[in-house]
**Student:** 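Please find one structure pasted underneath; my questions will follow.
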Amino acid sequence: MSDGTFDDAFVGDLDRLLRWRRDVRRFRREPLEPHVLPEILEAAELAPSVGNSQPWRWVEVRSGAGRQAVRDSFTRCNTDALRGYAGERARLYSSLKLAGLDDAPVQLAAFCEPDPGQGHGLGRQTAPETLEYSVVTAVSTLWLAARARGVGVGWVSILEPAEVTAALDVPSTWKLVAYLCIGYPARETDTPELERAGWQFRTSAEERLFVR
Ligand SMILES: Cc1cc2nc3c(=O)[nH]c(=O)nc-3n(C[C@H](O)[C@H](O)[C@H](O)COP(=O)(O)O)c2cc1C
């Protein structure tokens with residue numbers, strides 16, 4: 001609604017969006033409709049940020065060299081991660097698909113600018129990490145805006161941030177917060193991939209609420 005109030009139908013739709021959001025690793029290879037990326041980046045600008053600093057810096061990774069460097073970093077890190085598991089967990093880990101780097105038409109790195117003039121330092125003097133939290137809120141907003149448009153997002157953290165930062169030729173002071181694969185999902189599901197694979201199920205909210 002245009003006045004900033006939302007009816008029950010919208011709330012129901014929003015809950016459905018949250019339930020069906022998904023971290024996507026299996027993409028159709030077709031390119032995104034050209035309007036999608038600008039729209040979801042614009043939506044991300046509506047995210048909250050400490051001091052209204054908007055410290056997120058996006059890098060759309062189009063170059064073959066950039067993508068290959070990220071792919072190589074993922075392969076190395078994933079191999080190392082596998083070594084940390086044994087037995088049945090190791091077998092399960094090696095069966096997981098943990099990135100859509102080969103198929104996603106769009107790859108987007110989200111960095112944090114650690115010294116944005118914008119915001120004048122408000123809110124982060126005792127908690128400078130709130131700048132990075134702000135980037136996460138932008139990623140989360142982009143994720144939902146994408147899903148609402150039928151577009152999937154997958155967050156790849158199995159990377160060496162220094163390698164990605166160097167490969168993308170950004171200021172070395174920028175901190176990598178997220179590396180995102182974006183495209184049309186190969187399938188829709190309301191169940192996380194890690195649940196379907198038997199790796200980790202969601203647990204209930206009451207386990208995480210503490211009252212003092
Ligand atoms: C900070 C962060 C890092 C993540 N890194 C990875 C990753 O490297 N590879 C992957 O397959 N999924 C990654 N995920 C996705 C989670 O596995 C996923 O969100 C979780 O299993 C719940 O599934 P859902 O997002 O589909 O609800 C990441 C998610 C977050 C929030």
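Both ligands and their constituent atoms are indexed starting at 1 by order of listing.
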**Student:** Judged by atom type as modelled, is there a donor-acceptor pair below 3.5 Å linking the side chain of Arg91 to the main-chain atoms of Gly87?
**Tutor:**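 Such a contact is absent between Arg91 side chain and Gly87 backbone.
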
**Student:** Please list the nearest protein heavy atom to atom 23 (O) of ligand 1 with its residue and the distance rounded to 0.1 Å.
**Tutor:** Pro192 CB, 3.3 Å

**Student:** Please report the shortest heavy-atom distance between Arg124 and Gln118, naming the atom on each side.
**Tutor:** NH2-O, 4.1 Å

**Student:** Indicate if Tyr179 and Val24 have the same hydrophobic cluster label, given that clusters are the connected sets of ILVMFWY residues with side-chain heavy-atom separations under 4.5 angstrom.
**Tutor:** no

**Student:** Does atom 13 (C) of ligand 1 have a protein non-hydrogen atom under 4.0 Å from it?
**Tutor:** yes

**Student:** Does Glu195 approach ligand 1 within less than 4.0 angstrom via side chain, backbone, both or neither, non-hydrogen atoms only?
**Tutor:** neither

**Student:** With respect to atom 8 (O) of ligand 1, which of Ser157, Gly100, Ser140 exhibits the smallest heavy-atom separation?
**Tutor:** Ser157

**Student:** For atom 20 (C) of ligand 1, what's the nearest protein heavy atom and its distance?
**Tutor:**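 The closest one turns out to be Leu194 CD1, 4.7 Å.
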
**Student:** Among all the protein's non-hydrogen atoms, which is closest to atom 19 (O) of ligand 1, and how far away is it?
**Tutor:**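 Result: Asp23 CB, 3.9 Å.
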
**Student:** Taking both backbone and side-chain atoms of Arg22, is any N or O found less than 3.5 Å from an N or O belonging to ligand 1?
**Tutor:** yes

**Student:** Side-chain donor-acceptor pair under 3.5 Å between Glu30 and Tyr184, yes or no?
**Tutor:** no

**Student:** Do any N or O atoms from the side chain of Arg67 and from the backbone of Val61 form a donor-acceptor pair under 3.5 angstrom?
**Tutor:**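 Yes, the answer is positive, given that a donor and an acceptor are paired below the 3.5 Å cut-off.
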
**Student:** Using modelled atom types and a 3.5 Å cut-off, is there a donor and acceptor pairing between side-chain atoms of Ser140 and backbone atoms of Val136?
**Tutor:**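 Not at all, since once roles are kept as given, no pair shorter than 3.5 Å links the two residues.
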
**Student:** Around Glu45, counting heavy atoms of other residues, nucleotides and ligands shown, do more than 12 lie under 6.0 Å from its CD?
**Tutor:** yes

**Student:** Within ligand 1, which atoms have a heavy atom of Arg25 less than 4.0 Å away?
**Tutor:**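 In order of numbering, the contacting atoms are 10 (C), 11 (O), 12 (N), 15 (C), 16 (C), 17 (O).
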
**Student:** Ile158 heavy atoms, cut-off 4.0 Å: which ligand 1 atoms fall inside?
**Tutor:** 8 (O)

**Student:** For residues Trp199 and Tyr85, establish whether the separation of their ring centroids is below 6.0 Å.
**Tutor:** yes

**Student:** Would you say Arg202 touches ligand 1, if touching means a heavy atom closer than 4.0 Å?
**Tutor:**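 Yes.
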
**Student:** Should the proximity of Glu193 to ligand 1, defined as any heavy atom under 4.0 Å, be assigned to the side chain, the backbone, both, or neither?
**Tutor:**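 The answer is neither.
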
**Student:** Is Trp143 in polar range of ligand 1, meaning some N or O pair under 3.5 Å apart?
**Tutor:**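 In this structure, Trp143 places no N or O atom under 3.5 Å from an N or O of ligand 1.
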
**Student:** Looking only at heavy atoms of Arg21, does any of them come nearer than 4.0 Å to an atom of ligand 1?
**Tutor:**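 True for this residue.
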
**Student:** Heavy-atom pairs closer than 4.0 Å: do any link ligand 1 to the side chain of Leu98, the backbone, both, or neither?
**Tutor:** both

**Student:** Look at Arg22 together with Glu193 and state whether they make a salt bridge at an N to O cut-off of under 4.0 Å.
**Tutor:** no

**Student:** Report, in ascending order of atom number, the atoms of ligand 1 lying under 4.0 Å from any heavy atom of Val156.
**Tutor:**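 By the 4.0 Å cutoff, the relevant atoms are 7 (C), 8 (O).
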
**Student:** Determine, using the 4.5 Å side-chain heavy-atom cutoff (strictly less than), whether Phe111 and Val177 are members of one ILVMFWY cluster.
**Tutor:** no

**Student:** To which protein heavy atom is atom 7 (C) of ligand 1 closest, and what is the distance rounded to 0.1 Å?
**Tutor:** Trp155 O, 3.0 Å

